[in-house]
Amino acid sequence: MKKNIIAMNASIMIGLGSILAAPSAYAESLSDLQQKKESIQEKRSGVESNISDTEKKIDNLHDKQLTAEEQIAAIEAKIAESTKKIDAKNAEITQTKKEIEALKEEIKVLKERIAKRNEVLKERARSFQETGGDVNYLEVLFGSSSFGDLIDRVGAVATIAEADRDILKQHELDKKDLEEKQTAVEKKLASLEVAKAELLEIQKQQKQQKQEKAALVKKLKQQTKKHEDEKMGLEEEKANLAAQETAIKSAINLEQNRLAELEAARKKAAAEAKKRAEQAAAQAASQAASQAAESKKQSSSSGASAKSSSSSPSPSSSQSSSNVSQVPAVSSGTFTRPSAGYVSSTMGERWNKQHAGIDIAASGTVPVVAAADGVVSRSYFSSTYGNVIFVTHSISGQQWTTVYAHLSSRQASTGSVVAKGQQIGIMGNTGHSYGQHLHFELHKGAWNYSKSNAVNPLNYIPN
């Protein structure tokens, strides 16, 4: 009898020891949550730094774009100025060509005049050749009938000789003038053509510079758009990290409350164990009467336990009435299937982009449920995800994040605690979506813009 009582006391002390040791394990869980919170804060700090760097890049690109646009404006002004100069040269060329046409008419007249003079000179030459040249003048002089006639003849001869000299002189002047005019006009026209060609070459270079600057502006705009998209993604990542930090804080509060409840239960259990030990010691003092009472008490306790066990409701029976049409059964694994339907798109490369999750498609009103117990870190409308819910999970010391996108409606708000299999929304077609489906992502760790923590959900949820 004494041995049995000693064994009973030992069993009670072992149980009490396990109760006293339990909070340390839960404290480790709380420490993990604190570490995750600090990790998220560090990531937020890093993302904020990346946002700042991206903003500086965008500002730098804007400055370069503004400079390039100012240079384009300056080049356009130069092109306009060179166009005016080219127009002026064209006007001069047109005027010079008119002068050339007028000169051609003068040349025609001069040529006719020269031709007539040539005929007169040829006639004189023939006359000189036939009469011996100067003999004509002597015959004229000696053939005079009187002194007065001689004087008249001398004056006539002098006049003729002077006229011949004038004709020859004018003939030479006309020929020289014609040559000079032709040379001057041709030089002027050639100079104008050269100047025009130079202006056209300058304008060609200016237009080439404008095209290069326009291409640079286009490239800068593309780079700016890329960095602006990156900034938007980083800002969304920052918001998600802030939401996850809030969720972790909520989880820490829940864990602290749970630890407080466990501590209260531990104290209660310790008090009960101590009471039972005292009762066992008192029973050792009463021998036969105590043994009979103990035997009766054990018999009564066994009957009550059997009765209590038989009257407890079956968990399966309490859940059997909760089945809802198109709500998948909650699986026993870490994660359950988030909705009914078929997998229309798997994780991997799609449309030259990384598809970071799976698509589950179905028609009608299709409930979407939480894949595991967790805290809703974000519930909002995204330009890409549409109606989307992010849930943060802490499972066996590992943080997970699930994403439920393109919902037609959301039934879980930011900060709410959700249970595995609990409905959080309805499948839809919002955001960048083509047809009703659920886009489901699973991240081992926090969600980030590059989605580097994404894992294939098909490896974790039942098919």
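These figures come from a predicted structure and were not determined experimentally. This chain uses plain numbering: 1 for the first residue, then up along the sequence.
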### Query
Using 30° and 60° as the class limits, which term best fits the ring planes of His406 and His439: parallel, tilted or perpendicular?
tilted
### Task
If the plane angle is over 60° it's perpendicular, under 30° parallel, otherwise tilted; pick one for Phe390 and Tyr380.
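It falls in the parallel class, under 30°.
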Side chains of [X] and [Y]: donor-acceptor distance under 3.5 Å anywhere?
| X | Y | value |
| --- | --- | --- |
| Gln71 | Lys213 | yes |
| Arg410 | Ser379 | yes |
| Ser82 | Gln206 | yes |
| Tyr342 | Ser344 | no |
| Tyr449 | Glu235 | no |
| Asn448 | Ser452 | yes |
| His393 | Thr401 | no |

### Message
Applying side-chain hydrogen bond (donor to acceptor under 3.5 Å, both in side chains) to Thr402 and Glu441, what does each step give before you reach the verdict?
### Response
CA-CA 6 Å; Thr402 50; Glu441 294 179 12; over 6 Å; no
So do [Y] and [X] actually touch side chain to side chain, heavy atoms under 4.5 Å?
| X | Y | answer |
| --- | --- | --- |
| Val455 | Asn459 | no |
| His437 | Ile360 | no |
| Ile426 | Val366 | no |
| Ser345 | His355 | yes |
| Leu438 | Leu407 | yes |
| Asp359 | Val343 | no |
| Tyr434 | Asn429 | no |
| Val194 | Glu198 | yes |

### Message
Please determine whether the number of non-hydrogen atoms from other residues, nucleotides or ligands lying under 6.0 Å from atom NZ of Lys451 exceeds 12.
### Response
yes
### Task
Determine whether more than 12 heavy atoms belonging to other residues, nucleotides or ligands lie under 6.0 Å from atom NZ of Lys85.
no
### Query
Do Glu193 and Leu189 pass the side-chain contact (heavy atoms from CB on, under 4.5 Å) test, and can you show the C-alpha distance, the side-chain angles, and the key distance before you say yes or no?
CA-CA 6 Å; Glu193 292 290 353; Leu189 181 61; 4.2 Å; yes
Identify the heavy atoms of [X] and [Y] that sit nearest to each other, and give their distance.
| X | Y | answer |
| --- | --- | --- |
| Gly445 | Gln398 | N-NE2, 3.9 Å |
| Ala372 | Thr334 | CB-O, 3.7 Å |
| Pro462 | Phe335 | CD-O, 3.7 Å |
| Met427 | Ser339 | CE-OG, 3.5 Å |
| Gly421 | Thr336 | N-CG2, 4.2 Å |
| Thr430 | Asn387 | OG1-N, 3.0 Å |

### Message
Apply side-chain contact (heavy atoms from CB on, under 4.5 Å) to residues Leu458 and Thr346 and explain how you reach the verdict.
### Response
CA-CA 8 Å; Leu458 294 178; Thr346 57; 4.1 Å; yes
Rounded distance [0.5 Å steps], [atom1] in [X] versus [atom2] in [Y]:
| X | Y | atom1 | atom2 | value |
| --- | --- | --- | --- | --- |
| Leu220 | Ile58 | CG | CD1 | 13.0 Å |
| Leu442 | Met347 | CG | CE | 9.0 Å |
| Lys56 | His227 | NZ | NE2 | 14.0 Å |
| Leu61 | Gln222 | CG | CD | 11.5 Å |
| Ile72 | Thr67 | CD1 | OG1 | 11.0 Å |
| Glu92 | Leu192 | CD | CG | 5.0 Å |

### Task
Decide side-chain hydrogen bond (donor to acceptor under 3.5 Å, both in side chains) for Gln399 and Thr392; before the verdict, give the C-alpha distance in whole Å, the side-chain angles of both, and the deciding distance to 0.1 Å.
CA-CA 7 Å; Gln399 180 186 350; Thr392 299; 4.7 Å; no
### Query
Residues two or more places apart in sequence or in another chain: which of them pass salt bridge (Lys or Arg N to Asp or Glu O under 4.0 Å) with Lys210?
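Scan of Lys210 (salt bridge (Lys or Arg N to Asp or Glu O under 4.0 Å), adjacent residues dropped) gives Glu76.
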Given 3.5 Å as the limit, does a donor-acceptor pair link the side chain of [X] with the main chain of [Y], or not?
| X | Y | value |
| --- | --- | --- |
| Thr94 | Asn90 | yes |
| Lys420 | Ser331 | yes |
| Ser191 | Lys187 | no |
| Thr83 | Ile79 | yes |

### Query
Run the side-chain contact (heavy atoms from CB on, under 4.5 Å) check on Val375 and Val391 step by step: do they pass?
CA-CA 6 Å; Val375 178; Val391 179; 5.9 Å; no
### Task
Walk me through it: do Val403 and Trp447 pass the test side-chain contact (heavy atoms from CB on, under 4.5 Å)?
CA-CA 9 Å; Val403 182; Trp447 181 95; 4.0 Å; yes
